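What's counted below: heavy atoms across the whole structure, side chains too, no hydrogens, waters or symmetry copies. All residue numbers refer to positions in the sequence shown, counting from 1. These numbers come from a predicted model, not from an experiment.
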Amino acid sequence: MTDLTVPQQLIARSNRLGSDPKNTNYAGGNTSAKGTETDPVTGQPVELVWVKGSGGDLGTLQESGLAVLRLDRMRALVDVYPGIDREDEMVAAFDYCLHGKGGAAPSIDTAMHGLVDAAHVDHLHPDSGIAIATAADGPSLTQQVFGDKVVWVPWRRPGFQLGLDIAEIKEKNPQAVGCILGGHGITAWGDTSEEAETNSLWIIDTAAAYIAEHSSAEPFGAPLEGYGALPESERRAKAAALAGTIRGIASRDAAAAGRSMVGHFTDSDVVLDFLAAAEHPRLAALGTSCPDHFLRTKVKPLVLDLPASASVEESIARLKELHEEYRADYQGYYDRNATPDSPAIRGADPLIVLVPGVGMFSYGKDKQTARVAGEFYVNAINVMRGAEGLSTYAPIDEAEKFRIEYWALEEAKLQRMPKPKPLAGRIALVTGAAGGIGKATAQKLAGEGAVVVVADLDLAKAQAAAAEIGGADVAIGVAADVSDEAAVQAAVDATVLAFGGVDLVVNNAGLSLSKALLDTTGEDFDLQHRVMAKGSFLVAKATAKVMIDQELGGDIIYISSKNSVVAGPNNIAYSATKANQAHQVRLLAAELGAHGIKVNGVNPDGVVQGSGIFASGWGANRAAVYGVEEKDLGKFYAQRTILKKEVLPEHIANAVFVLCGPEMTHTTGLHVPVDAGVAAAFLR
């Protein structure tokens, strides 16, 4: 006997099932449990069903993610069910069956759980189960694999009628522990939570074992000459070189609406082996089948039809041709299947792009969505392997795919999504971002919706700063010696492989030597220029190449200085370098404007708090020059300003956001002073 309540048992089972990708994909499937509680109004027992709500993920499900419904009211809906042509109306009816307040919105699969006469029900999307579900011989394979313990259910779109179908199968087949849903997944049940989980895992593992034992040796066909995986370093270099162009392909329609797609790159053996086999063009063209799969990946991917040996230039040219073909094909798919009531086309660009020998690029509105889309296509590859190994892969037809992709209920879900943050979909690279101005800027950009690469000379500190911002779907840390061209390119490559490209660059890395002219050595002068003048140039050059390939515009922002326009004592190397950076802003603004790339600068002054430069000796030197205690240097700088306010790192970060945000789309070549007012630094 367990001491857990019914919902606690359900949560524990759901988390165990959902945490193993062999059982179901991210946010895929749903689970339920039935039990009795006391109705607080009547004081009488009331039968309830707890069901994973819409949009949740089994692996991380909590009690707040459950919808709780009165079982008597839910089952009474059978008497008012208007038929399959109007079954979508039943989703709204679930709201009238809810018990209590709070909890999640009921999902489309709620009927499956409430109507099946079992205390515990699991509906999952395992690769092994979907392989049987999408095999041309699915019904006979179900019998061969499971005997009479699992029953085949012909494809039906998720909804109230599917719940009725499964309830009838359960009633007529008392020996059965579950069913295979044609083209879709599995459902299992049990009298206890343990029994339901055991039955689910038995179906999944039995299918996987049968596939492993009976599959043909080459389910994807013979190796395709020239399409094998490139060596790791070579394929990742090629992936980085292609990433900007491919992101632009995936973002054409999004960009027209003022957004860009974030990307994810996968070069796992699953993907590379699929692309190296002869049947991959045919199978990719058939598209995915499980609704969760193609809702995330579109009905099919764009596949580059060139061998791995094709050059970057050849690949780019062909990808652009294939993109136009893909868009025309998707428009045709929409036109063939749309009805007068269908939602407008949501864009004709691919979400999955496959490059033989290199890997898979996947895209979404944010990094998590892009990563999950890639995971779903890996699931689809596994499904195709299993189905082809036993039979022939036969996904649901395009008309059914369209009914789900452009389902009114799916459209309503999209319309309920919260408004994106101002920098959503943008990819930022900030140099010198482990502390001070750079760290504050990285945090600000992430807070406004961007994904951020924290670049710093010290990798450990960069990674720590990124971890403070969030997980790898939000920020990563990379090493970057900006004075080294190869190191800069490596950091940019890491950026585009992590997030798909780059839109927003902040040249912040720097150091400072406070010395009089006669004390400044040639090495001092060269060091300042290598890090800030040359470093900014190298970063701008490498990132501008990606931005031009993307054809999405972009922003390059230099953190210059008040010292770029105001002369001061004991400052020759630093101030001359800052003046160099300031003019780079003007030069690049003039050159890159033709590509929609804006280049602007921020001129701070006296940013003492959190500053690595001031902490490394510059603060002590400047304090000595001005005859004040180092601890009072920030206050000293504040008192010499017009506003009498100290300038902090977050003030610089705010200026960066304004320059790259939605309100300053027509400004380039500008330097914004953030110095609390220094009259000598007024730009004229």
Side-chain angles (χ1 to χ4, degrees), residues 232-248 251 260-265 267 312 315-316 358-359 361 367 370 425-434 438 441-442 445-446 450-459 462-463 465-466 472 475-510 530-559 581 584 588 591-592 595-599 660:
E232 182 178 8
S233 60
E234 188 176 340
R235 72 172 177 262
R236 294 184 75 82
K238 188 173 181 180
L242 295 175
T245 296
I246 297 177
R247 182 176 180 230
S251 298
S260 298
M261 304 296 273
V262 177
H264 179 73
F265 175 67
D267 60 350
V312 169
S315 299
I316 287 174
V358 176
F361 299 82
K367 172 64 176 185
R426 303 201 74 191
I427 301 162
L429 170 64
V430 185
T431 66
T441 299
L445 298 179
V451 293
V452 179
V453 176
V454 175
D456 200 89
L457 190 61
D458 188 319
L459 176 60
Q463 292 173 330
I476 64 166
V478 301
D481 177 352
V482 297
S483 69
D484 183 315
E485 188 165 7
V488 168
Q489 190 61 55
V492 174
D493 287 353
T495 300
V496 301
L497 291 179
F499 295 121
V502 65
D503 305 297
L504 203 173
V505 177
V506 182
N507 268 320
N508 171 73
R530 280 200 306 273
V531 173
M532 295 195 295
K534 180 184 176 183
S536 296
F537 154 73
L538 291 175
V539 171
K541 179 181 178 182
T543 54
K545 171 65 168 64
V546 179
M547 293 182 192
I548 291 169
D549 287 346
Q550 292 173 159
E551 299 181 0
L552 298 171
D555 283 278
I556 299 175
I557 296 175
Y558 281 61
I559 305 302
Q581 286 185 304
Q584 283 188 39
L588 297 185
E591 181 173 342
L592 297 177
H595 301 286
I597 300 169
K598 301 189 288 108
V599 186
C660 66

What closest approach, in Å, do [X] and [Y] show between heavy atoms, and which atom pair accounts for it?
| X | Y | value |
| --- | --- | --- |
| A370 | V262 | CB-O, 3.3 Å |
| A465 | A433 | CB-O, 3.9 Å |
| T431 | A509 | OG1-N, 2.9 Å |
| L445 | C660 | CD2-SG, 4.0 Å |
| L592 | A544 | CD1-CB, 4.1 Å |

Please identify each residue that fulfils side-chain contact (heavy atoms from CB on, under 4.5 Å) with [X], with sequence neighbours left out.
| X | answer |
| --- | --- |
| E234 | L230, P231 |
| E485 | L538, K541 |
| A446 | V452, I469, V474 |
| A237 | none |

Compare all side-chain heavy atoms of V312 with those of K238 and state whether any distance is below 4.5 angstrom.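 Yes, their side chains come closer than 4.5 Å.
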Listed once per pair and sorted, the side chain to side chain donor-acceptor pair (under 3.5 Å) pairs that draw on residues 499-508, sequence neighbours left out: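 Sorted result for residues 499-508: R247-D503.
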According to side-chain hydrogen bond (donor to acceptor under 3.5 Å, both in side chains), who are the partners of [X], at least two apart in sequence or on a separate chain?
| X | value |
| --- | --- |
| Q584 | Y558, N580 |
| D555 | R426, K598 |
| D267 | R235, R236 |
| S536 | Q581 |

F265: which residues meet the ring-ring contact (aromatic ring centres under 6.0 Å, His included) condition with it, sequence neighbours left out?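 By the ring-ring contact (aromatic ring centres under 6.0 Å, His included) rule, F265 matches F361.
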Residues 487-502 side chain polar contacts: donor-acceptor under 3.5 Å, at least two apart:
{"unit_1": "Q489", "atom_1": "NE2", "unit_2": "D493", "atom_2": "OD1", "d": "2.9"}
{"unit_1": "T495", "atom_1": "OG1", "unit_2": "A491", "atom_2": "O", "d": "2.9"}

Checking S260 side chain against S251 main chain: does a donor-acceptor pair fall under 3.5 Å?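 Absent.
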